[in-house]
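Values in this document were obtained by computation on a predicted structure and should not be read as measured data.
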Amino acid sequence: MKTLFVGAGSMAHALLNGALEARVLEKENVYVTNRSNRQRLTEVTNHFGVNGVHAPLPSHEPFDVVILAMKPKDFHSAAPAVKHFLTGDTLVISVLAGIGIEQIREALSFNGAIARAMPNTSASVGRSATAVTCNGSLSEKQREWTMKFFSSVGLAVEVPEEQMDLITAVSGSGPAYIYYVAEMLEKAAVDLGLHSELAKALIRETISGASVMLEKSGLEAEILRKNVTSPGGTTEAGISVLDKYGVSEAFTHCVDAAKNRSKEMGSEVLLNRVK
């Protein structure tokens, strides 16, 4: 499948890393373009051995797959150039937060196959959690390829489009929440007397081990937590403080804020286009 990535940022890098490793993509059939940062484009093409296409996009034969991986705010300004790479048989895949399939269809004047996906940057190590939604124009081959592409970088599930903003908030942004927890645990450990490198090593392995337990034990997170929390013990003392400071409620507000921001981003992109 001859594939064009429009955008050379962290998400394109993560997807390229995973899909090339899994051989879902072949580097000689992969092209990458970036609107303005030529240094970044050069870094990506040199790193992966793929083809670079410098902006403004030249005339080119159409692609089988065009992956929209630019910043959401740049989508509409890039759309006129992207149109030249499309035919009725092209599969357009968007990994843009907040921008719906109908917006993509209108901006590209394209009535063909469009899939919208929300992976996360763990795709670079083959452990993304990706939600995918498709319009009714995908052939069975295109749908299978789309799911194979995202399955090559982790878990891929197909969902209704109305769930995408919430999923963006949960699994799209989710790695950052875990990194934040690691960051805060490290800070607390160091502030209370541990050497920084020792704290980092212990916390990283603790989070890795907990992740494996969630994946392989077959037990719910609540049960695993309770199994560690002995009455009157150290874990109970720590969790009681988290409860006191409303950490559970804070996570609900965190996910809700990210979900709402995803919706706002789509509205802002549409508003800026109208202006």
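A side-chain hydrogen bond (donor to acceptor under 3.5 Å, both in side chains) check over residues 242-256, counting only residues at least two apart or in different chains, returns the pairs Glu249-His253, Asp256-Lys259. Sorted by first and then second residue, the side-chain hydrogen bond (donor to acceptor under 3.5 Å, both in side chains) pairs with a member in residues 214-223 read Arg127-Glu215, Glu222-Lys226; sequence neighbours excluded. The side-chain hydrogen bond (donor to acceptor under 3.5 Å, both in side chains) analysis of residues 189-201, with sequence neighbours excluded, yields the pairs Lys187-Asp191.
Remark: aromatic rings of Phe63 and Tyr31 are close, center separation under 6.0 Å.
Between the side chain of Ser208 and the main chain of Arg204, no donor-acceptor pair closer than 3.5 Å is present. Proximity of a side-chain donor or acceptor of Ser139 to a complementary backbone N or O of Gln142 within less than 3.5 Å is detected. With Glu161 contributing its side chain and Ile101 its backbone, the two residues share a donor-acceptor pair below 3.5 Å. Distance alone, capped at 3.5 Å, places no donor-acceptor pair between the Glu21 side chain and the Asn17 backbone. Under a 3.5 Å cut-off, the side chain of Arg116 and the backbone N or O of Ile99 do form a donor-acceptor pair. Distance alone, capped at 3.5 Å, is enough to place a donor-acceptor pair between the Thr133 side chain and the Val159 backbone.
Note that CD of Glu186 is 11.0 Å distant from CG of Leu198, once rounded to the nearest 0.5 Å. With rounding to the nearest 0.5 angstrom, the CG atom of Leu96 is 10.0 Å from the CD atom of Gln103. To the nearest 0.5 angstrom, Asn135 atom CG is 5.0 Å from Ile114 atom CD1. Interatomic distance, Leu4 CG to Ile67 CD1, rounded to the nearest 0.5 Å: 8.5 Å. Atom CH2 of Trp145 sits about 8.0 Å away from atom CZ of Phe150, to the nearest 0.5 Å. Going from atom OG of Ser128 over to atom CG of Asn120 covers 4.0 Å, rounded to the nearest 0.5 Å.
Side-chain atoms of Asn111 and Arg105 form a donor-acceptor pair, as typed in the model, at a separation below 3.5 Å. Side-chain contact of Ser262 with Asp165: a donor-acceptor pair under 3.5 Å is present, judged by distance alone.
The minimum heavy-atom distance linking Ala12 with Gly7 is given by the pair CB-O, 3.2 Å. Shortest non-hydrogen contact noted between Phe75 and Leu68 is CE1-CD1, 3.7 Å. Across every non-hydrogen atom of Leu15 and Ala123, the tightest pair is CD2-CB, 4.2 Å. Looking at every heavy atom in both residues, Met164 comes nearest to Ala131 through CE-O, 3.7 Å. The shortest non-hydrogen separation linking Ser230 to Glu236 is O-CB, 3.7 Å. Contact detail for Ala8 and Asn34: the closest heavy-atom pair is N-OD1, 3.1 Å.
Checked against ring-ring contact (aromatic ring centres under 6.0 Å, His included), Phe110 has no partners two or more places apart in sequence or in another chain. Considering only residues two or more places apart in sequence or on other chains, Asp64 meets the side chain to side chain contact (heavy atoms under 4.5 Å, CB included) condition with Met1, Lys2. Scanning for side chain to side chain contact (heavy atoms under 4.5 Å, CB included) contacts around Ser211 gives an empty result, with sequence neighbours left out.
Side-chain contact between Val65 and Ile93 is present, with at least one heavy-atom pair separated by less than 4.5 Å. The closest side-chain heavy-atom distance from Glu43 to His13 is not below 4.5 Å. Between Phe149 and Thr3, every side-chain heavy-atom pair lies at or beyond the 4.5 Å cut-off. Contact of the Thr45 side chain with the Asn51 side chain is not registered, since no non-hydrogen atoms from C-beta on lie closer than 4.5 Å. A 4.5 Å side-chain heavy-atom check between Val157 and Val132 finds every atom pair outside the cut-off.
Hydrophobic clustering of Ile, Leu, Val, Met, Phe, Trp and Tyr side chains at less than 4.5 Å, counting indirect connections, unites Leu242 with Phe251. Val32 and Val24 fall within a single hydrophobic cluster, where Ile, Leu, Val, Met, Phe, Trp and Tyr side chains are chained together by heavy-atom contacts under 4.5 Å. Leu41 and Val50 fall within a single hydrophobic cluster, where Ile, Leu, Val, Met, Phe, Trp and Tyr side chains are chained together by heavy-atom contacts under 4.5 Å. Under the 4.5 Å side-chain heavy-atom criterion for grouping Ile, Leu, Val, Met, Phe, Trp and Tyr, Ile203 is connected to Val181 within one hydrophobic cluster. Hydrophobic clustering of Ile, Leu, Val, Met, Phe, Trp and Tyr side chains at less than 4.5 Å, counting indirect connections, keeps Val170 apart from Met118.
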*Would Arg261 and Glu264 count as a salt bridge (charged side-chain N to carboxylate O under 4.0 Å, His left out) if you check the C-alpha gap in whole Å, the side-chain angles of each, and the deciding distance to 0.1 Å?*
CA-CA 5 Å; Arg261 181 58 187 147; Glu264 288 170 0; 3.3 Å; yes

_side chain to side chain contact (heavy atoms under 4.5 Å, CB included), that's the test. Do Phe48 and Leu20 meet it? Break it down for me._
CA-CA 8 Å; Phe48 291 111; Leu20 287 168; 3.7 Å; yes

*Could you walk me through whether Leu91 and Val66 pass the side chain to side chain contact (heavy atoms under 4.5 Å, CB included) check?*
CA-CA 6 Å; Leu91 168 61; Val66 172; over 6 Å; no

*Give the C-alpha distance, both sets of side-chain angles, the deciding distance and a yes or no for side chain to side chain contact (heavy atoms under 4.5 Å, CB included) between Leu16 and Val30.*
CA-CA 9 Å; Leu16 279 165; Val30 174; 3.6 Å; yes

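Sparse packing is recorded around NZ of Lys148, with 12 or fewer heavy atoms of other residues, nucleotides or ligands lying under 6.0 Å away.
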